[in-house]
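The structure's right below; bear with me while I get my questions together.
Residue numbers begin at 1 in each chain, while the letters A, B, ... track the order of the sequences.
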2 protein chains.
Amino acid sequence: MATMTAAQRRAEAKAEYDTYLSTCKSRRLLDRLSDKWVTLVLCALAEDDMRYSELARKIAGVSQKMLTQTLRTLERDGLVIRRVTPSVPVQVEYAITQLGQSLVEVVYELKRWAEGHMDDVETAQGRYDRRNASRG
Amino acid sequence: MATMTAAQRRAEAKAEYDTYLSTCKSRRLLDRLSDKWVTLVLCALAEDDMRYSELARKIAGVSQKMLTQTLRTLERDGLVIRRVTPSVPVQVEYAITQLGQSLVEVVYELKRWAEGHMDDVETAQGRYDRRNASRG
DNA sequence: CAGGATCCGTTCAGATACTG
DNA sequence: CAGTATCTGAACGGATCCTG
């Protein structure tokens, strides 16, 4: 298939790049944090250990599919611990690990930046939108 | 429609929650950062001002649609500046703003955490996977 | 109570083609 | 060079039903 050379080149470059991204620690961390619910769960558990249903109530907008999925990956990452008490209706409690706690500190950094600067961002957005209102 | 009461309740709660999330500064910041290319572009521009094509080459895996889209939102957010030089082939240069620079600092914090702890995460993942290999 | 499994709509992001 | 516009497959996330 000599006609596909160009496309193949691009595909290869893409594959290389994907490999790079998947081995990039920062990238992998951001992928985690961007999982819409991860930070919410982490911050909730940073305050106190919680049971599944407590988390579901506390976070309030999450579907149980997403909550379960989030908790699984967090457990797999060693960021939270899952403790099962084999009582009659089983009782599951989630707690944050040391590793998770150290990550929450960084998340708080983010939060601080957000509290301090998102107003500026909003202002900038308003300016931008007004400037581009004339030119549709 | 009395039969929809339950669903309506949930929909309302959901709407309320969405409103809350959309006004939550931290949430909005995370939504930005999680946009796969935002941090790459920001970090690239933190090193040096760059033209569109330079960015495209530097970042190497991005489609020009995504690059443009990313640059637009960053500009709108006041995180980067776009300067057009009306030469014959127009020349566009992008630079980071002070606001953007201050955000990059936080991103570096994330990066530091990643460099320091992602190994632990990886180890945890290995443990988790091995433990769950028996029970499929 | 704490999930697993499934279906399904929306959104995202890449490829492609075209423009000033 | 620096984009814009459109189409489409894949992934995400929610709703729903079911189980130990």
* Identify whether the distance between the nearest side-chain nitrogen and carboxylate oxygen of B:Glu54 and B:Arg57 falls below 4.0 Å. =>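 Not counted as a salt bridge, because no side-chain N and carboxylate O are separated by less than 4.0 Å.
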* Asked: What is the distance from CZ of B:Arg82 to C1' of D:dT4, rounded to the nearest Å?
  ->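 Answer to the nearest Å: 12 Å.
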* **Heavy-atom pair of closest approach, residues B:Val107 and B:Cys43** =>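 Nearest pair, atom of B:Val107 first, then B:Cys43: CG1-SG, 4.1 Å.
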* **Upstream residue (5' side of DNA chain D) when B:Lys65 and B:Ser53 are each assigned their closest nucleotide** =>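 First, find each residue's nearest nucleotide; the 5'-ward one identifies B:Ser53.
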* To do: Round to a whole Å and report the spacing from CE of B:Met66 to C1' of D:dA2.
  =>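 Taking atom C1' of D:dA2 as the reference, CE of B:Met66 is at 16 Å.
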* **For atom CD of B:Glu75 and atom P of D:dA2, their distance in whole Å** =>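 In whole Å, D:dA2 P and B:Glu75 CD are 15 Å from each other.
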* Does B:Thr39 reach the side chain of B:Leu110, with side-chain heavy atoms less than 4.5 Å apart? ->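 The answer is no, as the side chains (C-beta and beyond) never meet within the 4.5 Å cut-off.
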* Asked: For the pair made of NZ in A:Lys36 and P in D:dA11, what is the distance, rounded to whole Å?
  ->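 That distance rounds to 20 Å.
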* Asked: Any side-chain N or O of B:Tyr94 less than 4.0 Å from the OP1 or OP2 oxygen of D:dG3?
  ->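 Looking at the OP1 and OP2 atoms of D:dG3, one of them is under 4.0 Å from a side-chain N or O of B:Tyr94.
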* To do: Please report, rounded to the nearest Å, how far the P atom of D:dC1 is from the CG atom of B:Leu55.
  =>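 Result: 13 Å.
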* Would you kindly compare A:Pro89 and B:Arg51 by the position of their nearest DNA chain D nucleotide and give the one closer to the 5′ end? =>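 Counting from the 5' end, the first nearest nucleotide belongs to B:Arg51.
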* To do: Could you tell me whether B:Arg83 atom CZ has more than 12 heavy atoms of other residues or ligands within 6.0 Å of it?
  =>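 Check fails, neighbour count at 12 or below.
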* Asked: What is the distance, rounded to the nearest whole Å, between atom CH2 of B:Trp37 and atom P of C:dC12?
  ->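 Taking CH2 of B:Trp37 and P of C:dC12, I get 16 Å after rounding.
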* Atom-pair distance (CG on B:Asp35; C1' on D:dC12), nearest Å ->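 Those two atoms, CG and C1', are 14 Å apart.
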* Asked: Over how many whole Å does the gap from B:Gln69 atom CD to C:dC12 atom P extend?
  ->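 B:Gln69 atom CD is separated from C:dC12 atom P by 8 Å.
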* State whether the distance check finds a donor on one side and an acceptor on the other, under 3.5 Å, for side chain A:Gln64 versus base C:dG4. =>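 Answer is yes: a donor-acceptor pair is held.
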